[in-house]
Amino acid sequence: MINVPTILWFDEEGRIARPNDVAFGSNDFKEMTGIDSELHLERLRAWVRGEGPAMTPEEARAAQTLPTAAEQEARAEFTLAWWLSQRGHAEDAEPHYVRAGELAPHDFTIRRGTMLIRGLDPMGEDFMKIVNEWTEAGNAFYRPIEPVSAS
Amino acid sequence: MSATLTLLHDGRTDEITVADPARPTIPADALEATLGWELQPEGLCQGAMCVPVDQDALVGDGGLDLGVFADALQRPLVTDEKHVVAALGASHHDRGEALASLQAPDFTLPDLDGNPHSLSDQRGKKVLLVAYASW
């Protein structure tokens with residue numbers, strides 16, 4: 001999981017029927033995100049009612065983004081930083097948070113999720129700065145399995 | 001000078017006496033209880049599975065070198081020397097294999113009243129998991 005919202009579907013046996021995807025429950029943020037919630041909701045309703053398929057295992061595997069060594073190292077850096085933060089060592093935690101972000105710049109669960117504890121604003125300028133840097137470099141902030149454009 | 005290393009790994013926290021905080025080690029006799037691996041002539045073993053390892057590099061005077069252990073298993077090891085704490089992460093290979101199996105790992109989280117709920121409690125039903133944040 002690298003950002004929110006993230007949704008997953010699990011079938012009756014606890015298997016992943018649709019891997020990590022980006023979907024919203026409403027169109028409240030459609031103008032900002034460019035993601036129309038209806039496509040996911042229609043699919044979800046059809047799957048729950050037994051009127052439509054989830055994904056085949058092959059499709060689900062093809063849609064997964066498996067973790068890299070750098071992402072796993074970023075998570076270890078985050079674990080270490082969080083442990084230090086929780087014990088009042090904010091200054092010593094900071095370089096580990098920064099390193100985690102360098103290792104996995106696309107992982108906003110780490111980069112945005114740690115802002116509050118680092119004295120940064122996850123809803124304001126600090127957040128917009130990292131998002132703008134990321135998107136101006138040609139990267140998408142939300143990465144749904146299939147492109148979903150707002151009309 | 002020996003010190004106590006706090007090792008964060010696999011959702012656990014262990015405290016280990018180390019000879020040199022700059023080069024974390026683990027006593028050979030604590031390897032299995034702490035990390036679930038045994039050192040055998042074949043390498044690092046867990047049940048029937050063994051991973052080759054350079055035993056000369058792994059085994060030193062202070063015990064087993066955690067950096068060599070982590071490298072052999074493709075697990076990230078990050079350290080903070082000042083506070084003598086290390087985090088040993090999961091290997092991307094193992095995580096990738098687990099995810100590609102499509103079998104969801106079980107987990108338990110509390111609801112707003114503190115009551116725990118596990119994914120496995122929902123067997124027999126289709127489940128939509130939504131992760132969101134208010135930041």
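Per chain, numbering begins at 1; letters A, B, ... match sequence-line order.
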* Nearest atoms (heavy-atom pairs only) where A:S37 meets A:N27 ->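 That closest heavy-atom pairing would be N-OD1, 2.8 Å.
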* To do: State, to 0.1 Å, how close B:Q46 and B:G36 come at their nearest heavy-atom pair, and which atoms those are.
  =>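 B:Q46 and B:G36 have their closest heavy atoms at NE2-O, 3.2 Å.
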[atom1] of [X] to [atom2] of [Y]: how many Å apart, nearest 0.5 Å?
X: B:W37; Y: B:C45; atom1: CH2; atom2: SG; value: 8.0 Å
X: B:I26; Y: B:L66; atom1: CD1; atom2: CG; value: 5.5 Å
X: A:I16; Y: B:S101; atom1: CD1; atom2: OG; value: 7.0 Å
X: B:D20; Y: B:D61; atom1: CG; atom2: CG; value: 11.5 Å

* When you look at B:R12 and B:D14, which way does the salt bridge (charged side-chain N to carboxylate O under 4.0 Å, His left out) test go after all the steps? -> CA-CA 6 Å; B:R12 288 173 48 175; B:D14 283 305; 2.8 Å; yes
* For the pair A:R112 and A:D107, find out whether any cationic side-chain nitrogen is under 4.0 Å from an anionic carboxylate oxygen. =>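 Between A:D107 and A:R112 there is no salt bridge, as every charged N stays at least 4.0 Å from the carboxylate O atoms.
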* Using a heavy-atom cutoff of under 4.5 Å, enumerate the residues of residues 43-70 of chain A that contact chain B, numbered in order, or state 'none'. =>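 Against chain B, the residues of residues 43-70 of chain A that fall inside the cut-off (heavy atoms, under 4.5 Å) are A:L44, A:W47, A:V48, A:G50, A:P57, A:A60, A:R61, A:Q64, A:L66, A:P67, A:T68, A:A69.
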* Asked: Listed by residue number, which members of residues 117-137 of chain A have a heavy atom under 4.5 Å from any heavy atom of chain B?
  ->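 Within residues 117-137 of chain A, the residues under 4.5 Å from chain B are A:P122, A:M123.
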* Asked: For chain B, which of A:D11, A:N3, A:L84 has the most heavy-atom pairs under 4.5 Å?
  ->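 So the answer, after comparing A:D11, A:N3, A:L84, is A:L84.
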* Quick one: of A:R18, A:M115, A:R15, A:R99, who has the most non-hydrogen atom pairs under 4.5 Å with chain B? ->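 Heavy-atom pair counts peak at A:R15.
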Validation: residues 74-83 of chain A side-chain donor-acceptor distances under 3.5 Å, sequence neighbours left out:
| from | atom 1 | to | atom 2 | distance (Å) |
| --- | --- | --- | --- | --- |
| A:R75 | NH1 | A:Q72 | OE1 | 2.8 |
| A:E77 | OE1 | A:H96 | ND1 | 2.7 |
| A:T79 | OG1 | A:R75 | O | 2.9 |

* Where along residues 77-87 of chain B does a heavy atom come under 4.5 Å of chain A, listed by residue number? ->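 Checking residues 77-87 of chain B against chain A gives B:V78, B:T79, B:D80, B:K82, B:H83, B:V85, B:A86, B:A87.
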* **Test item: side-chain donor near acceptor, B:H92 and A:E73, under 3.5 Å** =>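 Their side chains do not contain a donor-acceptor pair, so the 3.5 Å distance test is not met.
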* **Test side chain to side chain donor-acceptor pair (under 3.5 Å) applied to A:Y97 and A:S85, step by step** => CA-CA 10 Å; A:Y97 284 130; A:S85 294; 2.8 Å; yes
* Contact winner vs chain A - B:V127, B:T13, B:V130, heavy-atom pairs under 4.5 Å ->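 It is B:V127.
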